[in-house]
Amino acid sequence: MRMREYAGAIGELHILSRAPKGTTYTQQGSLFLHPLKGSRLGMITEARKLIKKHGIEVVSAQDPFEHGWIALKAIQGTDVRLHIQVHVDFLSPWFVRGGGFRAPLVSVPLINHVRRYLADKVLPQAVGIRAVSERVRTSLLKRYEGRIPDPSVIPVSIPSTVPPPTPLPPHEFSFVFMTAGRLEPEKRIEDILYALARIKFQYPSAGLCIVGTGREEKKLRTLTKKLGLTRQVLFINEWRNDVLSLMQSAHAYLQASAYEGYSRTLLEAALARIPIITTDVGLVGEVFSGYKEVLAAPVADPAALAVHMRGIIDDHQARVLLVTEAEETAKEHVQKVGSVSQAIAEDLKSLV
């Protein structure tokens, strides 16, 4: 749905992506979907064919890593402009760092070091760059110092309406913390579990609902058992498109990410009117202020998360004030951003 909206604003949009076997070419209005059955390297050949056949003027890669390198190779020898999207704060020290003295060590993929190397090669070749937040834009300008064009800041699509609440699965918690997202190392959900373990004797009826799937699920379930939290943690191990509805059935939202480019879920939690505890990533400091709209903690610090969790449970007035301030700020931000699809179309048009 979002891609159809982008295509309508841009004029004609071709998406080349790896796809499951049996997926076929599809056209929906001005949106063209080109499935690729082979490896990523096959994208170079396919992209060159599409450029020639359709007279494509701009190739936009969804990241400055593998896809950025493929896009760079595909346009070589042509007049096509290279546009790079940066959705991840890959210049955060935590992109290649797994832990600290106050937190458990989380395995960081070795490919992240390679990805930084690729970004250093790709981004200086781009004619246009889109960053999803001012935090990401600032980090890019600091690292590349005039070797890249000034990135445009265009966030991801933001919900404009709040759907009705959806009840959580049956549980026995009197106070429900919720976290949602991919169960991957960079989300550092281990830190949330260690924080919950710190308060479990003081608040035995407080529980955590983890929504999402990923490679870390088995590891997180094992840690839950090891910490004696089996009765206080509920896994909703499936991909849900109603997270904003689920949030409204929780009492507080928790995020412990090591890094985020934007962190749309913080906006969703604000619109869902539940207090937020988060690490200092993404929109924190840019849209949301610590101790005004959210309770912010350093990355990889379960002790700090636990302090905020105690405060959220004990202080009803703080919950009310945080919710009020965060919702107002989120609505102002959504209104300020306006049409993301139109902003993307204008950004690409400026390159031609």
Side-chain angles (χ1 to χ4, degrees), residues 15-18 36 38-48 50-51 58-78 80-100 103 105-156 181-188 214-216 257-263 279-282 299-300 347-348 351:
I15 299 180
L16 175 63
S17 176
R18 295 173 71 193
L36 182 70
S39 66
R40 283 194 181 98
L41 291 178
M43 283 186 178
I44 298 175
T45 302
E46 291 299 316
R48 285 175 176 167
L50 293 178
I51 289 170
V58 178
V59 169
S60 181
Q62 69 177 16
D63 60 59
F65 316 131
E66 296 96 312
H67 292 100
W69 181 81
I70 289 167
L72 178 61
K73 293 298 180 181
I75 68 166
Q76 286 181 346
T78 73
V80 176
R81 303 297 184 93
L82 177 64
H83 178 266
I84 301 294
Q85 306 167 41
V86 185
H87 294 262
V88 177
D89 186 13
F90 71 94
L91 295 176
S92 163
W94 293 99
F95 189 72
V96 293
R97 180 180 171 191
L105 184 67
V106 174
S107 60
V108 174
L110 289 176
I111 196 172
N112 281 8
H113 293 272
V114 178
R115 284 172 172 162
R116 271 196 181 175
Y117 171 80
L118 289 173
D120 287 344
K121 299 296 182 183
V122 169
L123 285 168
Q125 303 299 318
V127 177
I129 298 172
R130 169 201 171 190
V132 293
S133 68
E134 189 63 41
R135 180 191 291 258
V136 172
R137 173 183 173 271
T138 300
S139 67
L140 292 173
L141 291 176
K142 182 178 179 180
R143 183 176 182 90
Y144 297 106
E145 296 182 338
R147 293 185 292 128
I148 61 171
D150 191 352
S152 302
V153 178
I154 305 175
V156 298
R182 296 174 296 106
L183 306 187
E184 300 295 337
E186 65 269 20
K187 299 302 181 181
R188 296 197 65 91
R215 292 172 295 179
E216 294 283 286
S257 300
Y259 53 87
E260 293 279 350
Y262 185 68
S263 194
T279 44
D280 183 7
V281 295
V299 172
D347 190 43
L348 296 176
L351 305 183

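Just so it is clear, the values below take in all heavy atoms, side chains as well, and ignore hydrogens, waters and symmetry mates. What you see is a predicted model, and the numbers here were worked out from it, not measured in a lab.
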J.: Which pair of heavy atoms, one from Ala131 and one from Val136, lies closest together, and at what distance?
T.: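 Closest pair (atom of Ala131, atom of Val136, distance): CB-CG1, 3.9 Å.
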J.: I'd like to know if the side chain of Arg182 reaches the main chain of Arg215, judged simply by a donor and an acceptor atom lying under 3.5 Å from each other, with no hydrogens or angles considered.
T.: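 It does not hold such a pair.
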J.: Would you call Leu141 and Pro151 a side-chain contact if the rule is heavy atoms closer than 4.5 Å?
T.: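 Of all side-chain heavy-atom pairs linking Pro151 with Leu141, at least one is under 4.5 Å.
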J.: Can you see which heavy atom on Pro185 is nearest to which on Glu216, and at what distance?
T.: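 In terms of heavy atoms, the two residues are closest at N-CG, 3.6 Å.
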J.: Using the rule side chain to side chain contact (heavy atoms under 4.5 Å, CB included), only one of Val80, Ile70, Val58, Ile44 pairs with Ile75; which is it?
T.: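 Considering Val80, Ile70, Val58, Ile44, a side chain to side chain contact (heavy atoms under 4.5 Å, CB included) with Ile75 is found only for Val80.
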J.: How many angstroms lie between atom CD of Gln125 and atom CD1 of Ile84, to the nearest 0.5 angstrom?
T.: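 Answer for the CD-CD1 pair, Gln125 versus Ile84, is 10.0 Å.
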J.: If you take all heavy atoms of Pro149 and Ala126, which pair is closest and at what distance?
T.: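 Of all heavy-atom pairs spanning Pro149 and Ala126, the closest is CD-O, 3.5 Å.
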J.: Salt-bridged, Asp280 to Arg135, with N to O below 4.0 Å?
T.: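 So Asp280 pairs with Arg135 through a salt bridge.
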J.: Going through the distances and angles, do Glu186 and Glu260 end up as a side-chain contact (heavy atoms from CB on, under 4.5 Å)?
T.: CA-CA 9 Å; Glu186 65 269 20; Glu260 293 279 350; over 6 Å; no
J.: Would you list the pairs meeting salt bridge (charged side-chain N to carboxylate O under 4.0 Å, His left out) in which at least one residue belongs to residues 63-76, sequence neighbours left out?
T.: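 Qualifying pairs: Glu66-Arg115.
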J.: Kindly determine whether Phe65 and Val122 satisfy side-chain contact (heavy atoms from CB on, under 4.5 Å), including the steps that lead there.
T.: CA-CA 8 Å; Phe65 316 131; Val122 169; over 6 Å; no
J.: Pair up each side-chain donor or acceptor in residues 87-97 with any protein partner under 3.5 Å, not counting sequence neighbours, and list the distances.
T.:
residue : atom : partner : partner atom : Å
His87   : NE2  : Gln85   : OE1          : 2.9
Ser92   : OG   : Trp94   : N            : 3.1
Arg97   : NE   : Gly99   : O            : 3.1

J.: Donor-acceptor check, side chain of Ser133 to backbone of Tyr262, threshold 3.5 angstrom: yes or no?
T.: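 Pair absent, no side-chain N/O of Ser133 close to backbone of Tyr262.
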J.: Which distance, rounded to the nearest 0.5 Å, do you find between the CG of Leu82 and the CD of Gln76?
T.: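 Rounded to the nearest 0.5 Å, the CG-CD separation comes out at 10.0 Å.
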J.: For the atom pair CG (Leu36) and OG (Ser17), what is the distance rounded to the nearest 0.5 Å?
T.: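 Between atom CG of Leu36 and atom OG of Ser17 there are 8.0 Å.
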J.: Given the rule in the side-chain contact (heavy atoms from CB on, under 4.5 Å) test, do Thr78 and Arg48 qualify, once you have shown the distances and angles that lead to the verdict?
T.: CA-CA 9 Å; Thr78 73; Arg48 285 175 176 167; over 6 Å; no
J.: Looking at Arg137 and Glu134, does any basic side-chain N land under 4.0 Å from a carboxylate oxygen?
T.: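 Yes, Arg137 and Glu134 are salt-bridged.
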J.: Tell me, please, which residues at least two apart from Arg116 pass salt bridge (Lys or Arg N to Asp or Glu O under 4.0 Å).
T.: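 Result, salt bridge (Lys or Arg N to Asp or Glu O under 4.0 Å) vs Arg116: none returned.
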J.: So, applying side chain to side chain contact (heavy atoms under 4.5 Å, CB included) with His83, which one of Val127, Val59, Ile129, Asp347 is it?
T.: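 Going through Val127, Val59, Ile129, Asp347 one by one, the side chain to side chain contact (heavy atoms under 4.5 Å, CB included) with His83 is satisfied by Asp347 alone.
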J.: Which value, rounded to the nearest 0.5 Å, describes the distance between Arg81 atom CZ and Ser60 atom OG?
T.: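 Answer for the CZ-OG pair, Arg81 versus Ser60, is 14.0 Å.
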J.: Calculate, to the nearest 0.5 Å, the distance between atoms CG and CD1 belonging to Leu140 and Ile148 respectively.
T.: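 Those atoms lie 5.0 Å apart.
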J.: Is a side-chain N or O of Thr45 found less than 3.5 angstrom from the main chain of Gly42, in a donor-acceptor match?
T.: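 Answer holds: no.
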